[in-house]
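None of these values were measured; they are calculated from a predicted model. Below, chain A is the first sequence line, B the second, and so on; all start at residue 1.
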Amino acid sequence: MADVLANYRPGAAFDEMMDVDGEVRPSYRALHATLDRSSPAELKTIAESLANNYVQAGVTFDIGGVERPFPLDLVPRVIAAPEWETIEAGVAQRVRALEAFLADVYSDARVIADGVIPGQLITSSNHFHRAVWGVQPGNGVRIHVAGVDLIRTPEGDVRVLEDNVRVPSGVSYVMTNRSAMITALPDAFAAQRIRPVASYPQRLLAALRLAATPTVDNPTVVVLTPGVYNSAYFEHTLLARTMGVELVEGRDLECRRGKVFMRTTGGLQRVDVIYRRIDDEYIDPVHFRSDSMLGVPGLVNAVRTGGVVLANAIGNGVADDKLIYTYVPDLIRYYLGEQPVIANVDTWRLEEDDAREEVLDRLDELVVKPVDGSGGKGIVIGPRATKEELDALRARVTADPRGWIAQPVVQLSTVPTLIDDQLAPRHVDLRPFAVNSGDEVWVLPGGLTRVALPEGELVVNSSQGGGSKDTWVLSPPAHRPSVTLAEEEPAPVPAEPQAEEVPVRPTGAPLAARPAVLMTPKVIQRHQEEQQQQSGRAGGGDAPC
Amino acid sequence: MLSRIAESMFWIGRYVERAEDTSRLLQTHLRLITEDTSSETEACRTLLALMSVDHVEHPTHEDLVRVLGYDGKEPTSIFACWAAARDNARRAREVIPLDLWECINTTWHQLPTGRFRTSRVHTFLDWAQERSALFTGIARGTMVRDDGWEFMMLGRSLEQVDMTSRLVASASLRTGSTQWPSVLRGCGGHDAFLRTYRGLQTDREAAQFLISDVRFPRSLMHGLVAASDCLRRLSTVNGQAARQSEFPARALGQLRARLEYADVGELLENLGDEMTWVQEVAAQVTAAVANNYFVAEDPTAWITEGTR
């Protein structure tokens with residue numbers, strides 16, 4: 001029944017499942033076997049139930065205010081244990097370096113004085129906000145949550161495509177994808193040990209509580225959303241729900257004398273930490289866009305006076321500016337004294353004259369990106385662009401070289417993906433999520449694998465109609481737990497009751513052998529007696545056996 | 001609890017109850033219409049007037065089903081109720097149990113997207129009642145009895161009072177021997193009524209049953225008591241809330257006293273007016289609850305904020 005995989009042929013890109021000789025890679029063997037046993041009809045049924053499941057549960061992504069179910073492909077991306085260790089180390093390293101960088105640029109800016117990065121680069125970033133210069137957040141953390149986009153090149157190397165340290169989204173799909181897949185492909189889960197992802201909310205809540213101003217005893221944490229029309233609204237509700245905290249909109253909050261309160265049925269209640277999912281520009285009409293209806297007037301002031309802590313901090317955008325990105329390997333060496341674990345994708349800085357000249361000559365073969373864009377907006381892929389588009393791009397780059405970077409077109413690696421009723425290779429990237437508690441940077445095992453559904457398409461962004469895959473990080477054999485289903489790592493929330501305490505199964509006689517003492521309480525006995533008496537009368541005195 | 005969320009919970013309770021009651025009302029009416037001798041237009045117009053709909057000229061059977069049933073553009077329709085309930089539930093997503101959310105969301109997805117033939121009307125109405133019953137059952141089985149629950153039940157109780165009063169009023173609009181049994185059936189209370197009054201029933205007893213029998217869960221009295229209980233429990237949370245619930249509690253108490261001690265004959269004579277009064281009290285209480293608990297933001301609050 002090898003129907004679905006019989007014609008599977010990877011293209012020029014690195015295929016995550018199959019090597020160039022057509023051999024299945026070791027990490028994919030169990031999954032391959034499961035898929036190999038399935039008929040196209042079975043896969044289609046699974047895919048339909050996955051889609052149905054998401055529609056009913058309202059797992060959606062809003063595009064232009066319209067809710068759409070977030071497409072989940074049934075073939076997961078599998079990452080072997082040793083490879084994950086590298087990714088984990090690399091992601092954590094970048095977060096530590098960017099954290100040090102942000103602390104530096106919003107205070108002494110040694111990095112400029114020491115000539116590692118041109119000062120003009122920072123001051124010219126649209127996301128460098130003087131309003132928060134000198135502000136020391138609660139426990140010093142500015143990047144509470146980071147999402148680092150990774151890709152795999154045709155040579156098989158993992159590279160960093162970009163850092164997201166403002167309001168990275170997608171982690172909710174990591175959690176919902178997993179719970180959907182457990183019901184969709186139970187065999188594949190049984191065949192190997194896959195590291196769980198469900199502890200993310202506890203980790204995040206613990207980090208957010210630690211982020212509060214030290215004088216606050218039992219900090220109140222809220223999630224701030226722009227509202228139901230935001231593309232990631234589903235995610236905001238899921239995070240608030242799974243952390244058990246309030247999901248607030250700007251209009252629910254009020255700043256008074258440098259402190260922030262939420263309007264409750266019992267009056268105003270103090271808020272200490274805000275996990276905000278609103279961009280800097282909209283967060284406070286007093287300091288930023290005065291026409292913003294989403295933010296809270298006075299919030300920046302409250303942050304400056306230490307009345308509230310924002311996670312992530314205001315002004316982080318200067319660290320994920322794509323031009324700063326080109327300096328991150330230098331920043332890692334400068335702040336941490338380490339070599340980068342994961343390399344960047346080769347990038348031209350267009351404000352350097354030689355680089356710009358070369359890029360402008362080769363526009364038709366490169367990818368050009370705006371430095372402060374997100375969600376795939378404004379990206380021009382040279383080989384796909386028309387002459388008019390390239391001319392327009394050339395003019396824009398020449399007018400504002402600071403605003404753009406260029407990269408070679410990388411053929412992202414592929415994973416089998418269900419297209420109609422066949423599996424075909426489709427390009428993927430990976431966004432692992434890191435939570436920084438101040439004491440450690442924890443990387444969620446897995447992350448969001450985004451997949452471009454049209455053949456050959458390289459842009460995987462959700463806002464561009466991409467889909468997703470569950471990401472399985474395999475446990476190293478030594479860590480393999482024998483029977484427990486509980487979380488492998490207890491969440492470090494102090495003095496909070498653990499949600500899932502499974503009672504220990506009693507040893508001794510197996511359950512089936514125990515007398516069924518609960519089966520016949522007195523009431524039922526009486527009921528049975530009555531029935532017997534009645535049937536006795538009706539049956540004309542049949543003698544009991 | 002966040003004021004905005006409390007408001008959403010209140011309205012989820014109301015809308016789901018309204019969807020159910022509208023469906024009951026419509027079903028009752030469609031049954032009565034087959035036995036009625038007056039003109040179809042007249043009967044439809046009276047029912048629409050009862051539901052505060054006055055923009056349909058010469059309404060027919062089909063208009064009735066459209067306006068109260070499946071037309072998403074009509075604010076009184078069952079469709080609109082579920083759409084509004086879902087909208088509110090989406091905003092209050094973090095406080096609603098997953099099962100309950102899925103129930104609301106699935107119902108919303110299953111709503112008919114276009115007109116359907118009259119033959120399907122009863123299937124649709126049965127479905128609508130089942131979905132509300134499912135919602136109520138899941139809510140009872142999964143929700144913590146916190147403020148969110150109380151606000152939802154408060155909304156539900158007030159809506160039930162309002163809608164039962166409309167149903168009672170509809171029975172008084174026509175003459176004939178079959179209307180009260182039909183109304184009782186519409187409330188799902190016919191059997192209960194027969195058992196309570198042992199076959200000695202008259203219109204008078206039926207009205208009394210629907211208005212003041214606190215044991216029947218769709219009676220006005222039951223709803224009023226339930227709403228008062230919700231307000232009392234909400235007021236025990238803190239002193240501020242105790243003051244907040246003063247007016248609504250008083251208004252509900254006065255109405256209860258009136259209905260409990262009024263002479264049934266008198267009530268029946270002016271049933272229309274009496275029921276209109278019930279609806280007015282329900283509206284006043286809603287306004288007071290909104291004003292007290294769901295405070296609108298104070299647009300000038302931040303102006304006092306210096307940038308020092």
### Task
Select one option (side chain, backbone, both, neither) describing which atoms of A:Val223 are under 4.5 Å from chain B's heavy atoms.
neither
### Query
chain B heavy atoms under 4.5 Å from A:Phe234: which part of the residue, side chain, backbone, both or neither?
neither
For residues [X] and [Y], report the shortest heavy-atom separation together with the two atoms involved.
{"X": "A:Gly58", "Y": "B:Asn105", "answer": "N-ND2, 3.2 Å"}
{"X": "B:Ala6", "Y": "A:Thr265", "answer": "CB-CG2, 3.4 Å"}
{"X": "A:Thr60", "Y": "B:Arg90", "answer": "OG1-NH2, 4.3 Å"}
{"X": "A:Leu247", "Y": "B:Arg4", "answer": "O-NH2, 3.0 Å"}
{"X": "A:Arg241", "Y": "B:Ile96", "answer": "CD-O, 4.2 Å"}

### Message
List the residues meeting side chain to side chain contact (heavy atoms under 4.5 Å, CB included) with A:Ala211, not counting sequence neighbours, and say none if there are none.
### Response
A:Asn139, A:His144, A:Val309
### Task
Only counting residues at least two apart or in another chain, list the ones meeting side chain to side chain contact (heavy atoms under 4.5 Å, CB included) with A:Pro69.
A:Val55
### Message
So B:Arg91 and A:Glu249, do their side chains get closer than 4.5 Å, heavy atoms only?
### Response
yes
### Query
Does a side-chain heavy-atom distance below 4.5 Å link B:Leu2 with A:Arg263?
no
### Proximity of residues 68-87 of chain B to chain A, residues having a non-hydrogen atom under 4.5 angstrom
B:Arg86
### Message
So if I take each residue of residues 97-104 of chain B and look for any heavy atom under 4.5 Å from a heavy atom in chain A, which residues do I end up with?
### Response
B:Leu98, B:Trp101, B:Glu102
#### Entry: Within 6.0 angstrom of A:Asp217 CG, more than 12 heavy atoms from elsewhere
no
### Query
More than 12 non-hydrogen atoms from neighbouring residues, nucleotides or ligands closer than 6.0 Å to CZ on B:Arg215, yes or no?
no
### Message
Let me confirm one number: the CD-CE distance from A:Gln269 to B:Met1, rounded to the nearest 0.5 Å.
### Response
11.5 Å
### Query
Backbone N or O of B:Arg93 within a donor-acceptor pair of the A:Thr237 side chain at under 3.5 Å?
no
